[in-house]
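The structure under discussion appears below in the form of structure tokens.
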Amino acid sequence: MKLFSKKTTSLVVAAGLGLVAASSSWSSESLQDVMKRRGLSQQDLLAASKTYVPTGKRDEFVAFSSGGQSGQIIVYGIPSMRILKYIGVFTPEPWQGYGFDESSKKVLAGGSIDGKQITWGDTHHPAISETDGKYDGQFLFINDKANPRIAVVDLRDFETKQIVVNPIYKSEHGGTFVTPNTDYVIEAAQYAAPLENKKFYPLEQFNEKYRGGVTYWKFDRKEGRIDTKKSFSLELPPYSQDLSDAGKGPSDGWSFTNSFCTERYVGGIEKGRPPYEAGCSAKDTDYMHVVNWKKAAELVAAGKAKKINGHDVLPLDVSIKEGILFLVPEPKSPHGVDVTPDGKLITVAGKLDTHVSVFSFEKIMAAIKAGKFEGKDPYGIPVIAMQDALHKQVQLGLGPLHTQYDSKKCVAYTSLYVDSQVAKWDYCEGKVLDKISVHYNIGHLMTMEGDSMDPKGRYLVALNKLAIDRFVPVGPLHPQNHQLIDISNDKMQLLYDMPLPLGEPHYVVAIEASKLKPAVRYKMGTDSRTDKPHPGAVRAGEEKTVKKGNKVEVFGTLIRSHITPETIEVEVGDEVTVNLTNLERAQDETHGFTVSTYNVHASIEPGKTVSVKFKADKEGVYPYYCTEFCSALHLEMQGYLLVKPKGYKEVKVAEQKAIYTKADYEKQVKKIADTQAVIDSVVGFITSVNYKDFPDVVAMVEDATDQLGKMPAAKAKHEEAAKKGDWQNATLWAEQVWQYQVKTADLGLRAKTYLEQNGAKKVGK
Ligand code: CUK
Ligand code: CUA
């Protein structure tokens, strides 16, 4: 108790002193003084107060940003713009053991193409799962443009669960976009190529043999996985399909995909031909593809698809004959296509045209119904005249790219790349309402839930491609700049610049924080990548090491501050699998695990079971340890992997000499009694209040009970050793009892603080 209470009080005193010192030095400076000293304007102060989230308070929205070439997802809060997490998706992420433990390696291996593992990705568009066209906060999807793949992230634990490879594309861009109930995840191709894998056709046969397409990945919400067998694609002309969006409300069942380079131009400057950029933007218009995906799914179910690389593909002639595919001309090399929240209009941003073109779904349907087409494209797809489909064209400025919607009716925001501006405009009346400059060269922009049927307004994030002079220089490669803009008033107000230090994020989606319901722990023994019980899981006391031939499998556990087992003995050449279950229930009590030089790492959150596997191909002594600072004795959370030479004979070594005496033992026993008093008082407090109403506290109490449960065995050992006068073992086993007490007390004190801060009430005895 002495040690314990001294430590605790001195810590409290130190913290108190620190606080006093800090507050006195700042209190002499007024807000005015700070403004003057830092050169801040009233406007700056207003902006700061709109973004500042004080300690203990939380953000209103959570944003999921594409990590661009990092192959990851970046999670941050709005309005604070504080980064909360990186999610490894197409790229290994060491902290979370992603790509360094067995189950996550399997997820990454799901993204292998032609038997080759690809460990990077060019992520572009994240999408949050929807129910009735509204964000439901359950799943997240993202695409990889470079290697045509999409990934599924479960928002219960923010972990990547699945990567699927598109079997017919070589690149893709128009993904991921979900249908209003997340029945399908849309992914459109980008650069046309032969759909059969590994088949060569010369560029001269571009028009005949190269194809684009759009894929509808069936999402099985119950399993939380994409069902590749029920997924299908539409064969499309080689038109460089680009961004896509799903219809909603009245347009549900349809989807819209932009294109560029419908010239089908093939460059080749080496052969004296004008370059791609010239040939691909020569025409005044490209095509928006209008697809009836609901009917397409029925056609596939009716056996009208043909298999390419084992995947159902509806051939062009079938789609044309069945009347599920139409084209609408759209101005020159457009970029974003964004359906309005009410599902009635479709905004296409011009890129090389200063207008956005707003198409009417109703008009498109009327033309289709009346069979009113201006002609056919070279592949026989009916083309609806632009004026027959157009609702309005609005001149916004140079380089319109992407559009998002406000909670206010008819209000949209479009990014202007060349002008480096955001335009606020009215898509019903067709007029510009406001403009604001951003820094610099904006790509996507994003409003809160602004691509759903229920936009929340409030904030807009501009995803700027260039940061130039905004931040302290860090070399020729600059960070990206996400700028937060207040859109709650008529005039937009720039609030904050956030440097994003990872890849070029293309798109970001943000959801109300209250809609996310992530777990704080796993059901004991869960494999988080399969969501199923892990075959390597064991409970406390069941730890074992099994050796079969040259395979050694460890079934171990982790709990503050102990790894079971503490030694793993193998022979050179053995294949070693270490399964570890984190027995903790308390929130945030993660342990990590690594073995020196074997390139394995696991992050094991409460309840999780993870396995790492390696070949012990080097004789020697390899420490393993916990990599998360989990407790005061975190550094002592260690063990040794002993890799012995083949046929090694044990050598008898003299026992370590005893160093502890009877006096040491008695000191330990006194320490144990004192600490028990602390525990008793904490337990007294906890049980005197309604702690059972606080699940977090219940979890801590369960963990504490676990620790206490280990004490009797250790206590019996120290008492028995003492009886024999073996002061060495008696002292060490008594120390172990005290370790269990410390961990119990640590949990108890945390529970007590939690209860005090969260308004626990006294309960009547
Ligand atoms: S794209 Cu990058 S700015 Cu991939 Cu949505 Cu438009
Ligand atoms: Cu467990 Cu550090």
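Both counts, for ligands and for their atoms, begin at 1 and track the order of listing. Each residue takes its place number in the sequence, starting with 1.
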Those atoms of ligand 1 less than 4.0 Å from some heavy atom in K465
2 (Cu), 3 (S)
What N, O or S atom of H335 is found closest to atom 6 (Cu) of ligand 1?
NE2
With carbon and hydrogen excluded and only N/O/S kept, which atom of E628 is nearest atom 2 (Cu) of ligand 2?
O
Surrounding CD of E636 (heavy atoms of other residues, nucleotides or ligands, distance under 6.0 Å), is the total greater than 12?
yes
Closer than 4.0 angstrom, basic N to acidic O: yes or no for E589 and K743?
no
Listed protein N/O/S atoms, distance to atom 4 (Cu) of ligand 1 under 2.8 Å:
H124 ND1, H173 NE2
Quick one: report the N, O or S atom of H634 that is nearest to atom 2 (Cu) of ligand 2.
ND1
I'd like to know: is atom 2 (Cu) of ligand 2 within the 2.8 Å range of an N/O/S atom from C630, strictly under that distance?
yes
Work out which heavy atom in V165 is nearest to a heavy atom in W217; give both atom names and the distance.
O-CH2, 3.6 Å
Just by distance, with hydrogens left out, do Y405 and T347 show a side-chain donor and acceptor under 3.5 Å apart?
yes
When you measure from the side chain of T123 to the backbone of I73, do you find a donor-acceptor pair of N or O atoms at a distance under 3.5 Å?
no
Got a salt bridge between K145 and D122, using NZ or NE/NH1/NH2 to carboxylate O under 4.0 Å?
no
Show me which atoms of ligand 1 lie under 4.0 Å from any heavy atom of H402.
1 (S), 3 (S), 5 (Cu), 6 (Cu)
Looking at R560 and D746, is there a salt bridge between them, counting it only when a charged N and a carboxylate O are closer than 4.0 Å?
yes
For salt bridge (Lys or Arg N to Asp or Glu O under 4.0 Å), just list the numbers for K424 and D406, CA-CA rounded to whole Å, side-chain angles, deciding distance to a tenth of an Å, and then say yes or no.
CA-CA 10 Å; K424 175 180 181 180; D406 202 335; 5.2 Å; no
Do the rings of H125 and F177 sit parallel, tilted or perpendicular, given the 30° and 60° boundaries?
tilted
